[in-house]
Student: 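This is the structure, below, for whatever I ask next.
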Amino acid sequence: MNKNTFLSWIEEGVISIPSFLFRYYKKIGLTDIECMVILHIYNFIEKGKEFPTIDEIAERMVLSTEHCSQTILTLIQRGYLEILKGQTEEGIYFEKYSLKPLWLKLINEHALHEQEDLQFQTNLEEGSLFTLFEQEFARALSPIECETLSMWIDNDHHSPALIKAALKEAVLSGRLNFRYIDRILFEWKKAGIKTVEQAQDQSRHFRNGQQKNRGQEKQKKTEAVPFYNWLES
């Protein structure tokens with residue numbers, strides 16, 4: 001997601017700040033006390049007081065004024081909090097706290113967390129892919145077959161889902177071998193097919209055309225599932 005969009009959601013209150021902060025504050029390097037000071041500052045800002053005094057913040061906590069002041073100074077120095085200065089239309093100078101640096105750190109951490117989750121899910125899917133192939137082939141894969149499977153993922157950038165779809169196509173066609181599956185993936189890539197839905201649509205379109213051409217033939221009691229000979233395309 002675009003960082004600016006995420007940031008606007010935070011500032012507009014679309015995202016619940018306490019839960020978002022509690023989830024990541026430790027990972028971005030905040031201590032428990034620093035997190036609570038930030039939450040109190042955030043609460044003051046939400047109520048329209050954008051520059052609460054050190055005493056006002058300390059009164060809400062079991063911190064001395066000196067400890068609270070040092071904590072806020074540390075937050076500013078470490079880039080979690082900043083003080084903005086400005087001037088009103090009436091010419092009155094003011095200062096206010098800004099938590100934008102903190103929001104950006106949280107957004108970056110959230111993006112990293114999502115990326116790690118996605119990578120973890122991808123690893124699971126790739127691992128299950130090898131297991132599925134061994135189940136369909138009813139044997140352990142050879143080193144060359146394992147390398148071929150890895151190349152489909154790493155070099156050809158086929159998704160595990162699309163490789164599973166090609167395996168299914170080979171099973172339905174009665175041509176369960178790596179050369180045939182490789183040809184299916186090659187033809188799909190050449191046709192710009194990137195999703196399982198697109199692959200299924202193409203297979204369905206071919207089979208419907210094949211059945212139409214056989215419309216004049218006598219129907220067999222048990223009709224074999226038609227298949228497309230990808231090796232001869």
Student: Under a 4.0 Å threshold between the charged nitrogen and the carboxylate oxygen, would Lys105 count as salt-bridged to Glu109?
Tutor: no
Student: Answer yes when Glu136 and Lys168 have at least one side-chain N-carboxylate O distance shorter than 4.0 Å, and no when they do not.
Tutor: no
Student: Is there a donor-acceptor pair closer than 3.5 Å between any side-chain N or O of Gln198 and the backbone N or O of Thr195?
Tutor: yes
Student: Applying salt bridge (Lys or Arg N to Asp or Glu O under 4.0 Å) as the test, list every pair that has at least one member in residues 70-97; sequence neighbours left out.
Tutor: Glu34-Arg78, Lys85-Glu95
Student: Kindly give the heavy-atom pair with the smallest separation between Ser69 and Ile54, and that separation in Å.
Tutor: N-CG2, 3.8 Å
Student: Please tell me whether Phe51 and Phe94 form a close aromatic pair, meaning their ring centres lie under 6.0 Å apart.
Tutor: no
Student: Holding to salt bridge (Lys or Arg N to Asp or Glu O under 4.0 Å), I want the full list of residues that pass it with Lys47, two or more places apart in sequence or in another chain.
Tutor: none
Student: Does NZ or CZ of Arg60 lie under 6.0 Å from the centre of the six-membered ring of Phe44, at an angle within 45° of the ring axis?
Tutor: yes
Student: Can you run down the salt bridge (Lys or Arg N to Asp or Glu O under 4.0 Å) pairs that involve residues 140-159, sequence neighbours left out, and say none if there aren't any?
Tutor: Arg139-Glu145
Student: Is there a salt bridge (Lys or Arg N to Asp or Glu O under 4.0 Å) between Glu169 and Arg175 once you walk through the steps?
Tutor: CA-CA 9 Å; Glu169 184 72 18; Arg175 309 273 300 227; over 6 Å; no
Student: Heavy-atom count around Lys189 NZ within 6.0 Å, excluding the residue itself: above 12?
Tutor: yes
Student: Using ring centroids (six-membered ring only for Trp), state whether Trp152 and Phe178 fall under 6.0 Å.
Tutor: yes
